[in-house]
Amino acid sequence: MSDRLQKYIAIIFGIATLTIVVWTQREAIQELVKPDTPIKQSNDSGERVEQLLARGEVLARQHCVTCHTLPTPGMLDHDAWDVTLTRMLPWVGLVPPDTGLTNTNGFERVLATGLYPPKPLMSDQDWDLIRNYYLTKAPRDLQQPKGVEFVGSQNTFAAVTPDTPFDASCIAVRVEPKTGGVWATHDSTRKVYRMTPELNWQNPPLKLGGSPVEMRFTSGGMVGALIGSFMPSFERTGALVRWNDGNLETLATKLHRPTDVLPVDLNGDGREDLVVCEYGHFTGRVFWLENKGDTFKHHTLLEMPGCLNAASADFNGDQRPDLVILTGQAREAVYLLLNLGDNQFTPHMLLARQPMWGHSHIEVADFNNDKHPDLLITNGDNGELDPALPRPYHGVRVHLNDGGNNFTKELFFSQPGAYKALARDFDQDGDLDIASIAYFADYKLNPKAGFIYLRQDKSLQFSAHTLPEADRGRWVTLDAGDYDRDQDIDLVLGAYNMPQRQIPDALKKRWAKKPTPILILKNLTK
């Protein structure tokens with residue numbers, strides 16, 4: 001075959017291929033070019049407005065899915081959208097990336113990742129159409145969350161308020177599983193205080209080189225995730241340390257705001273490995289440290305911002321521990337990482353959420369006793385607005401596993417500002433109950449919903465309860481365990497009374513006059 005004939009055949013084949021692609025993808029191509037087509041002129045002003053809004057919606061569907069799930073206008077009210085859209089300008093390249101930042105230390109690392117576009121992704125006119133679409137379609141006032149309906153009384157818990165040698169800036173509490181007692185992180189002094197089951201504080205407090213926002217007790221000692229900066233920061237000042245009977249060991253440094261460490265033997269060699277979540281700020285990741293005996297080997301699992309915490313269970317019945325990771329920035333979702341063996345994991349994105357969803361915590365439990373791990377998730381992080389906006393979709397959710405790792409059936413319990421929920425059989429009647437805290441509670445209308453005890457009275461039927469002491473602090477941390485060694489499960493709450501405008505002055509004054517950094521809910525079952 002001659003070269004000329006080969007050339008002609010190639011040209012004809014190329015034209016035919018292009019024709020097939022254009023024909024089969026004609027609807028997608030029309031959708032992409034639609035924003036650039038002129039708007040039909042109309043003398044009807046109402047029709048003109050609808051055309052502009054429709055064009056803004058098409059532009060939003062084209063551009064706003066680049067970094068996160070497409071948000072709907074009804075997720076925020078008009079004023080909140082006004083603030084949020086202004087913050088989006090750097091991400092579409094219409095203002096410099098550092099616009100609005102009060103602290104840019106470490107920001108050069110974010111710039112180096114290429115997250116920000118080198119040039120505008122759209123014209124000012126197109127951005128105005130997107131902005132107008134959201135501001136016009138958004139409700140003037142967001143639907144108010146349904147207040148928590150507390151049913152009757154409960155006799156499972158009684159409040160105990162121990163004297164504390166620190167103020168209400170506690171960011172982590174943990175019940176010591178072997179000896180009882182409570183460990184608590186005081187962020188202001190970056191110290192860890194330890195309390196005995198008899199409510200006596202041990203001296204001196206521990207200095208671990210930073211503030212552990214999570215503490216896990218392992219066979220090799222307490223492993224702590226030192227967050228570095230509780231407030232948003234671009235600097236990698238976090239670390240992972242292990243404390244064992246007075247010996248302090250650094251396991252990892254230069255971490256970007258780590259928020260969780262999970263001990264689990266991922267490769268079946270009998271040694272506890274460590275899964276670490278770096279929440280970061282615009283960037284983040286999840287990695288695991290393979291325990292080699294004397295050293296740890298680093299393996300990256302996910303690279304994305306807002307990795308909050310990890311939980312583990314066998315999701316596919318192969319007798320290997322799998323992982324679920326909760327993310328709270330950008331593409332908020334649950335990520336199921338199936339363990340393939342040989343240190344290999346495959347990720348699956350579950351329950352994708354809109355970017356203002358506010359994920360805050362996840363754990364795994366079997367609520368219906370079908371041997372399939374279910375998910376307990378809270379969403380209520382509300383720190384981007386001051387005052388915080390009560391949102392009707394914030395709360396506690398139980399996602400039931402159908403056996404094929406589909407979690408579409410859910411139980412929803414409204415709790416504005418929900419921050420962490422734990423599932424345990426608190427009343428020892430054979431089923432799982434739920435205890436939940438809210439850091440962004442509705443302190444004006446429903447302050448006692450800062451703590452909720454959801455008691456399972458019948459199969460998957462829960463009643464909501466609280467205690468008179470539930471409004472004594474702004475609860476940011478929660479743990480469950482037998483602190484007093486009497487064979488039942490108690491609760492420990494920690495308060496970080498950071499001021500925010502949605503908190504009534506009377507409540508702030510009461511917190512200042514009589515702070516409650518630690519609240520113990522003693523289980524009365526035994």
Side-chain angles (χ1 to χ4, degrees), residues 32-36 39 49 52-140 142 229 231-236 256-257 279-285 303-306 327-332 353-358 381-389 500-501:
L32 286 175
V33 302
K34 187 177 179 180
D36 297 325
I39 297 176
V49 168
L52 291 171
L53 292 176
R55 185 167 176 178
E57 181 179 5
V58 171
L59 284 163
R61 291 182 179 277
Q62 178 182 347
H63 292 285
C64 297
V65 296
T66 304
C67 301
H68 49 68
T69 303
L70 180 70
T72 59
M75 298 298 286
L76 296 174
D77 65 25
H78 177 278
D79 292 344
W81 269 120
D82 194 20
V83 173
T84 301
L85 289 166
T86 300
R87 292 173 176 169
M88 292 299 101
L89 286 171
W91 295 98
V92 294
L94 292 177
V95 299
D98 59 355
T99 300
L101 298 179
T102 57
N103 183 357
T104 58
N105 293 338
F107 188 58
E108 67 280 353
R109 187 173 55 84
V110 178
L111 291 176
T113 64
L115 286 174
Y116 290 95
K119 60 181 181 179
L121 299 179
M122 66 185 72
S123 66
D124 290 334
Q125 291 79 8
D126 281 354
W127 174 253
D128 288 341
L129 287 169
I130 293 176
R131 181 181 180 85
N132 185 60
Y133 162 67
Y134 280 102
L135 294 180
T136 302
K137 292 290 188 179
R140 176 56 58 180
L142 197 63
S229 173
M231 300 303 292
S233 170
F234 300 110
E235 296 181 275
R236 294 189 299 171
H256 194 185
R257 301 179 71 221
Y279 187 87
H281 186 44
F282 297 2
T283 62
R285 62 173 176 163
E303 292 273 3
M304 60 181 57
T327 59
Q329 279 190 358
R331 297 194 182 279
E332 294 201 33
R353 301 300 192 182
Q354 301 198 42
M356 60 284 295
W357 193 252
D381 189 8
N382 214 349
E384 73 273 19
L385 297 171
D386 188 6
L389 178 68
Q500 225 178 6
R501 283 188 288 170

Inset, instruction - Output, in order, the C-alpha distance, side-chain angles, deciding distance and verdict of side-chain contact (heavy atoms from CB on, under 4.5 Å) for Lys137 and Thr72. - result: CA-CA 9 Å; Lys137 292 290 188 179; Thr72 59; over 6 Å; no
Legend entry - Short side-chain to backbone donor-acceptor contact, Thr327 and Gln329, under 3.5 Å: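 Side chain of Thr327 to backbone of Gln329: no pair is present.
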Inset, instruction - Return yes if some donor-acceptor pair links the side-chain N/O of Arg87 with the main-chain N/O of Glu384 below 3.5 Å, else return no. - result: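 Yes, the answer is positive, given that a donor and an acceptor are paired below the 3.5 Å cut-off.
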Validation row: [X], [Y] side chains within 4.5 angstrom (heavy atoms):
X	Y	result
Arg331	Met304	no
Leu135	Leu85	yes
Leu129	Asn132	no
Phe234	Thr283	no

Inset, instruction - List in chain and number order the residues that pass side chain to side chain donor-acceptor pair (under 3.5 Å) with Glu235, two or more places apart in sequence or in another chain; answer none if no residue qualifies. - result: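 Glu235: no side chain to side chain donor-acceptor pair (under 3.5 Å) contacts found.
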I'd like a table of donor-acceptor pairs (distance under 3.5 Å, sequence neighbours excluded) in which one partner is a side-chain atom from residues 89-99, with atom names and distances.
| unit_1 | atom_1 | unit_2 | atom_2 | d |
| --- | --- | --- | --- | --- |
| Thr99 | OG1 | Pro96 | O | 2.8 |

Legend entry - Approximate separation, where rounding is to 0.5 Å, of His256 NE2 and His281 NE2: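 Spacing of NE2 (His256) from NE2 (His281) equals 7.0 Å.
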Inset, instruction - Check Leu389 against Asn382 and note the closest heavy-atom contact, atom names and distance. - result: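 Scanning both residues, the minimum pair turns out to be O-ND2, 2.7 Å.
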Inset, instruction - List the steps, then state whether side-chain contact (heavy atoms from CB on, under 4.5 Å) holds for Ile130 with Met88. - result: CA-CA 11 Å; Ile130 293 176; Met88 292 299 101; over 6 Å; no
Inset, instruction - Starting from the C-alpha separation in whole Å, work towards a yes-or-no answer on side-chain contact (heavy atoms from CB on, under 4.5 Å) for Thr69 and Arg353. - result: CA-CA 6 Å; Thr69 303; Arg353 301 300 192 182; over 6 Å; no
Legend entry - Pairing residues for Tyr279 by the ring pair (Phe, Tyr, Trp, His ring centres under 6.0 Å) criterion, not counting sequence neighbours: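 Tyr279: no ring pair (Phe, Tyr, Trp, His ring centres under 6.0 Å) contacts found.
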